[in-house]
Amino acid sequence: MLTALRDSLAERIQARIEALYGVSHTARPEVPPRRELGDLAFPGALQLAREVKKNPRQIGEEIAAGLELPVGVREVRIEGPGFLNFYLDRSTFAAALLRESPIETTSAEGEKIIVEHTNINPNKAAHIGHLRNAVLGDVLVRSLRALGHRVEIQNYIDDTGVQLADVVVGFADLRGMDLATVSALPEPFDYTCWDLYAEVGRWYEDDPARQEFRRKTLHELEAGNGLRADLGRLIARRIVSRHLKTMRRLGVDYDLLTRESAILGLEFFSQAFESLRQAGAIRLETDGKNAGCWVMPLAESSEFAGLEDPDKVIVRSDGTVTYVGKDIAYQLWKFGLLDMDFRYRYWNEEKVWESVLDGVDDHPDFGRAARVINVIDTRQAYLQKVVRAGLERLNHTEEAARSIHFAYEMVALSPAAADQLGQGGATDDGKRLEMSGRKGIGVKADDLLDQLEAKSRDEIAARDAELESQELEERARLIARAALRFFMVKTTTNRVIAFDFDEALSFEGDSGPYLQYSLVRAANICRRLSEEGLDSEVSPQTAAEIPAELWDDDLWELIYQTAEVRDRIEVAAESLELSQIARFALDLAQKFNALYHRHPILQEPDPDRRATRLAATQAFSKALRTLCEIMGLPVPERM
RNA sequence: GCGGCUGUAGCUCAGCUGGAUAGAGCGGGAGCUUCCUAAGCUCUAGGUCGGGGGUUCGAGUCCUCCCAGCCGCACCA
């Protein structure tokens, strides 16, 4: 509706400018900052002033003079320095808005987009930093799907890497446990590993010679056999299972778990390595600090200017492969650039496909994407560049350009949060503290969710002491999920989140529960109307006949803004700045809550007036529900 | 040293491709509940948008220099 109006207005303005001045100008109507300045504004007269050598107001007058207004536009005025401000026919617009859905759902087709996110090392419990990744990835997926794109979600499991190796060392060498003993350890297994991982770090520090255990383990993990490999498989599986359960509490799902062991075991890397070698993209160093390593020289590209070491190690001198090496092979596979595929198996308990060495014949098609978006924190920007450089060196420049690093800043602990975790000593006066899996410093995702649910239960019980416990639990879960997800999307991606318990646990103001509460209020109005035997819904026909003077500016402001949902989602998904969705949702909810107090519906005797207010409520509810769905915030019936 | 990010109200942060009077939440002060759930609303105080220079009709937004903080530049990821 809004888009169509804007386009037809732009066309007419462009034609006027062409006719008047013989200039071709791209007219871009925008939304004025205050509604009394109109609903759409055209600032082009200001830009044309120099070119046409007239003052902008005069240009505005001239354009407006012969302009035929499209249906739905009531009036045009020249205001300020020379803005053309257009005023819409409010009832017509409202009727159209009630008729259509906030985002026209097109069926998913066309080019496939792979979104890779979460990617937690399978050696410890998920912490709140991982949650930022998972939530951003998930919201991106939901946005893209809502816009009609075909999306495949992959979660990369680094089950042959150093971090897993360290926990294997912890069980095998530090604790002296065998497979059966580790297998019998009780849940929460990821919490046990969290502590053990930190312990191993200290154990290495006490005697650096112990790092030999890590090397040995890494080799066995890559080779895939021996006690250490068995332990690795067991630990990774138990941990991933825990991660998936944590993510499910948040409503985050995956299509495919891509396991690093399969990339190695199925010779993906060997093929990628061979191509890189033949293309001259990597070379074997014979002396210097990288002697015995296969490295990718980066010195010649300006993108990598100023590196201390201009060469990136792809294969270590002991023959094991670095993460970037494996990631290049993985990225090639994602685009279908390796002439090989994974084998796949369905992981029944966790309801997800995973890549394996030996799988089933009947499985969905994975990979072969046209675009790949990797959700990875900004500290790994350099490595993502190296992956792209790898594709470029193999002459896959198109695919390199379609490899998008969705970068976001990390989550750190506020000084207060560090104190509460007993890490107060780790912060130097008032500075935030970076989380560290290696040191065991961080807020575990499940702990935070537990706290959020406990607080939700308290809040609900305080409002309704009679509520049965099952219903209470259910509501608490929905509120906790919304609080946490919204907390993670509301901040812009290039800002470090200084995690603070009070803030994260707040259900007021800029919060997920605030949005939920607004929707519950809107729903309550409709329910009460039905109970009173009144119309609980306004039809588009009724809306179209609302007398113009009943549209108070604040009611109109809300309904007009709900028309922007699709635009906002599109801009957010394209710019990868998903916080815009959160801000928009908050803005709508704040406006609605203000109206809620100013314009009561149930007590309003005049049916036209009631219809006007209800139409705004309806449009709001539809819009915010859509936004919540895209952010993954569930909407409870009651709170 | 090189690269990236950040600096806006007491605190946490918005401010979309430069545009009309710089906003929100929290916190502070004053109020609102026989009336659709107060997880709410209204009013109020609080700002040389880190600093200097520049570009232009117009700069929180673009360019440049400087200051401060954080993060990268591993045979970890």
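Proteins come first, then strands; the chains are lettered A, B, ... in the order of their sequence lines, and each starts at number 1.
Considering only side-chain atoms of A:Ser317, the nucleotide from B:U6, B:C75, B:A24 that sits closest is B:C75. Closest to the A:Ala41 side chain, of the nucleotides B:C75, B:A20, B:C36, is B:A20.
Side-chain atoms of A:Thr160 and A:Lys326 include a donor-acceptor pair closer than 3.5 Å.
An OP1 or OP2 oxygen of B:U37 is reached within less than 4.0 angstrom by no side-chain nitrogen or oxygen of A:Arg528. Using a 4.0 Å cut-off, no side-chain N or O of A:Arg379 falls inside it from OP1 or OP2 of B:A77. The phosphate of B:A77 (OP1 or OP2) has no side-chain N or O of A:Tyr323 nearer than 4.0 angstrom. Side-chain N/O atoms of A:Asn593 include none lying less than 4.0 angstrom from OP1 or OP2 on B:G40. For A:Tyr517 and B:C41, the shortest distance from a side-chain N or O to OP1 or OP2 is not below 4.0 Å. The side chain of A:Asn524 places an N or O atom within less than 4.0 Å of a non-bridging phosphate oxygen (OP1 or OP2) of B:U37.
Taking 3.5 Å as the limit, the base of B:A39 and the side chain of A:Asp458 contain no donor-acceptor pair of atoms between them.
Between the side-chain ring of A:Phe83 and the base of B:A20, a stacking contact exists by the 5.5 Å and 30° definition.
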Requested in this report: Could you go through the salt bridge (charged side-chain N to carboxylate O under 4.0 Å, His left out) check for A:Lys439 and A:Glu434 one step at a time?
Outcome: CA-CA 11 Å; A:Lys439 293 180 187 152; A:Glu434 189 171 342; over 6 Å; no
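One atom, CZ of A:Arg613, and another, P of B:C36, lie 15 Å apart when rounded to the nearest Å.
The aromatic rings of A:Phe499 and A:Phe501 sit perpendicular to each other, their planes meeting at more than 60°, with 30° as the lower class boundary.
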